[in-house]
Amino acid sequence: MKAMKRKYLVGLLIVLLGLALVGCLNESAAKDSNALAAMSLVERAELLIPTPNVRVVIGSTSTGGDTYQVSNMVAQKLGEVLGKNVKVDAVGASNGFDAINRIDDGSTIMIFHDMAYLGYLYEREGYTDIFSSYQVGPTLAINPGNSFSAPKNSAFSTIEDVIEAVGNGEVVKIAIQPGGVSEIGYSAAKNAIKMQYPGMEENLVAVHTGSQSDKNQLLFDGQVDVIHSSIQANEQFAQLPMDDQKAMKFIWLTARQETILQTNDSGFGSMNIGDMLAYVSPQVSVPMNEEEDFTFDKEFFMLFHKEMDEELVKLYNDAAAEVFADEVLVQQLKDAFFIPNYKDISDAQTYLTEKVAAYDAIISSLKE
Amino acid sequence: MDFMQIVSPAFFILLVTGVLGGIVFGAIPGMTATMAVAVFLPVTYAFEIKEALALLIGLYVGGISGGLVPAILLNIPGTPSSITTTFDGYPMAQRGEGATALRIGVTASLFGGLVSFLILALFAPLLADVAIQFSYVEKFLLILFALTVIAALSKGSMLVGLTSGTLGILISLVGTYSISVGGNGKLRLVPSILAPILKNGFSLLPVLIGLFAIATMIREVETGMKNPSFDDVDLTKKARFDWRLWKEQIGNLIRSSFIGTFVGMLPGVGGSAASILSYSQAKNYSKKKDAMGTGEPTGLIASEAANNGLTGGALIPLLSLGIPGDSTTAVLIGAFTLQGVQVGPLFIGNHPETWKGILTALFFANLVMFVVMFFSIRGLAKIVRVPKYILYPIIVVMCVIGAYATNYGVMFDIWTLLVFGIIGYVGVKFGLEVPPFIIGFILGKSAETYFVKSLESYGTFAIFFTKSPIVVVLWGLILLSVVLSIRNSRRLRVKTKRR
């Protein structure tokens, strides 16, 4: 009787193992590129991502900033497209990089902006070359509001006035947050001074500070002449009367002209597109080299684990394309003053490589 | 008519839900009002702006208030701003006056919340202009003023208290001098071998709940988890509302509410500084200085009135300048951006309906918080009757979840919790004073940033004495606070010798 039981058990085990083997074979067949191509995004996500949740870590700890705002909009749509519960976590750059370095199964991805590579170019702790440390994913959107501002009663009307003043020996202080988006504008202005007034660039002094409120406070205190700002955060200050201690004016928008032309017709707050164009190249010129002006679009893009499976990368690439095919999301982004800018992985990598090379040249020239 | 348009049933339901959710978050060690608002923020995308803000403001007020429950009953601050609530709240609970302490705390919270509401409603834009007179220099001196509480809190030797506080400051500086505050992004106070682990330093919440919750539980385990006052005393028998107490405490209540609102409206100073500053002032002005820290309602009232006073205060720079006053309003700003509403100096004029909605939400959130908490005190107070062998495992699990959630899932925070639990347990045996240590830890980073940035901006030490009349007033307050602390300490020593 016991021997019979054992036989049945062994037989059952063989059947189970056989079924498991068939299952594995089916899975590997299913993971075959051709088979995957025939599947819907939801089916592919179900097969490739092992968890029902996808975590989008972002390089900022703020839930009130532009990174969170863009990521949240994209994540909600991405969740629908992949049939997954996609959640944004504002963990900051260091924890974000750690998270995508740790997890390669597609359940954690990162959305960040240009600081991801600028931190490396400025040799900041924790930042590495994004092209060798991670897989750079599709670009998603641009924040066109990156700007510089001065007190409303300042003698500087545009950044060109600042360059001229510094070139003529005046010391001008600019409040920036080091190692990122705000420093590249400062470096570009310094580089332009070096080109036009060699040796005078040291008169443009960076005052390192933190958040936008700290930069504003330095301006209110009269401790700096210019601050890094954004249209979104500072536009209301530009509407205040001249005698208000808090009144400011924009003197430079770093976005490209074609980027500004894509913003909402209504512009932002009291600024229409025409007002914005008055502060961008070529109306306001900060030469980057002999041929072209410096421009900077603050770009949001995806980053993945360096070894993440090729099929997973393809899945996110296709999913992002699907996300940006949705006109509602595109309009939502535009309403929130972002420029939808989806580029697939291949185009994104070329585009970002060129961007990195241009800014690297500026930073390197200032080290000479 | 206006009012009825604002208070729709959905508005009120979301407000009540927010307050209840916030109280739960605040009452769980390691969960804070900031976390509550962050968790619910994505949900608000689906609502109208006024309804979204009703939910979030409810969570904010509930979250700040809920922190007093574990602080009083278990000696575990539910939120960082309720640290000073433990100093007198917990000794009261140990004496069997847990329900009384809760009633005092909840009432002080309501008063602080309503004072800050009134100040916000009447003076927001005006006070925003006052707030911008506080530059790095004034903020550094304000933090220094708050740090003087370390001297006041030292129970034994003042030297030991100061050493503990200094140690707290040093440990808060471990890690990278973050570029997000304008630092150089370089590591300090970290041996290179530990750099990968300690690059981000220690987060406040795991340190806080480690030192208070885990260390307390280890000590309880050591003594067999038996505490007669918890097990044998009827906690509700003395829990009547004592009007005489409030008559005596009206000055403290008003002063603490104003301190909370004032500190709240200064961006970057931090919510915990409000209750710390308020507690130290209550001690300086109290007639029963020696009793503070042993279960004196004065300290409890100061702490709770200030941390709820903070709520309206922190909304002042947010709604008048677009600059959040504390970490919770920094998350709250996300609700505006997600809804496409621009906050800045013109917000109140451009969005009068939303402004009225916010005021209505803040007023009712405080009332709902009071009603909910006041009438559940009898139930809440019974927590201490739960056998500790059941209660403690639950608290440990909540602490671990809270620590893990601090930075959205970083394992190092759980190790921090454990390590500081052990430090809290062992350190006390070697004379470490936990309150000065944690206050040093909380205020250390801001003190450093404002000190360094003041020097970088102005280039001279003299600026700390000459910047503005505010600086002179702050130095006066700092000196007064130090002198009073030294005098009290000497008086106490003489008294002890006589005994």
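Chain naming here is simple, since letters A, B, ... match the order of the sequence lines and numbering starts at 1 in each.
- When the candidates Val37(B), Leu321(B), Ile179(B) are compared by the number of heavy-atom contacts under 4.5 Å with chain A, Ile179(B) comes out ahead.
- By the 4.5 Å heavy-atom criterion applied to side chains, Leu346(B) and Phe237(A) are not counted as neighbours.
- Other residues, nucleotides and ligands place more than 12 heavy atoms under 6.0 Å from the CZ atom of Phe451(B).
- Heavy-atom contacts from other residues, nucleotides or ligands closer than 6.0 Å to CG of Asn153(A) number more than 12.
- Within the structure, the salt bridge (charged side-chain N to carboxylate O under 4.0 Å, His left out) test picks out no pair touching residues 329-341 of chain B (sequence neighbours left out).
- Residues Gly183(B) and Pro178(A) approach most closely at O-CG, 3.3 Å, considering heavy atoms.
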Write out the donor-acceptor pairs between chain A and chain B under 3.5 angstrom, atom names and distance to 0.1.
unit_1    : atom_1 : unit_2    : atom_2 : d
Arg55(A)  : NH2    : Tyr408(B) : O      : 2.1
Gln69(A)  : NE2    : Thr337(B) : O      : 2.8
Ser94(A)  : OG     : Asn200(B) : OD1    : 3.3
Ser94(A)  : OG     : Asn200(B) : ND2    : 3.4
Asn95(A)  : OD1    : Asn200(B) : ND2    : 3.1
Asp98(A)  : OD1    : Lys199(B) : NZ     : 3.1
Asp98(A)  : OD2    : Lys199(B) : NZ     : 3.1
Arg124(A) : NH1    : Asn184(B) : O      : 3.1
His208(A) : O      : Lys453(B) : NZ     : 2.7
Thr209(A) : O      : Gly182(B) : N      : 3.3
Thr209(A) : OG1    : Tyr136(B) : OH     : 2.5
Gln217(A) : NE2    : Ile132(B) : O      : 2.6
Gln232(A) : O      : Gln342(B) : NE2    : 3.4
Glu235(A) : OE1    : Gln342(B) : NE2    : 3.1
Gln236(A) : OE1    : Gly344(B) : N      : 3.2
Gln236(A) : OE1    : Leu346(B) : N      : 2.8
Gln236(A) : OE1    : Phe347(B) : N      : 3.4
Gln236(A) : NE2    : Gln342(B) : O      : 3.4
Gln245(A) : OE1    : Gln133(B) : NE2    : 3.0
Lys246(A) : NZ     : Asp129(B) : OD1    : 2.5
Gln332(A) : NE2    : Tyr45(B)  : OH     : 3.1

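- Residue Val410(B) touches chain A through its side chain alone, counting heavy-atom pairs closer than 4.5 Å.
- By number of non-hydrogen pairs under 4.5 angstrom with chain B, the leading residue of Val224(A), Leu218(A), Val207(A) is Leu218(A).
- For Phe337(A), no part lies under 4.5 angstrom from a heavy atom of chain B.
- Contacts between Leu187(B) and chain A at a heavy-atom distance below 4.5 Å involve backbone atoms as well as side-chain atoms.
- With a 4.5 angstrom heavy-atom cutoff, Val343(B) touches chain A only via backbone atoms.
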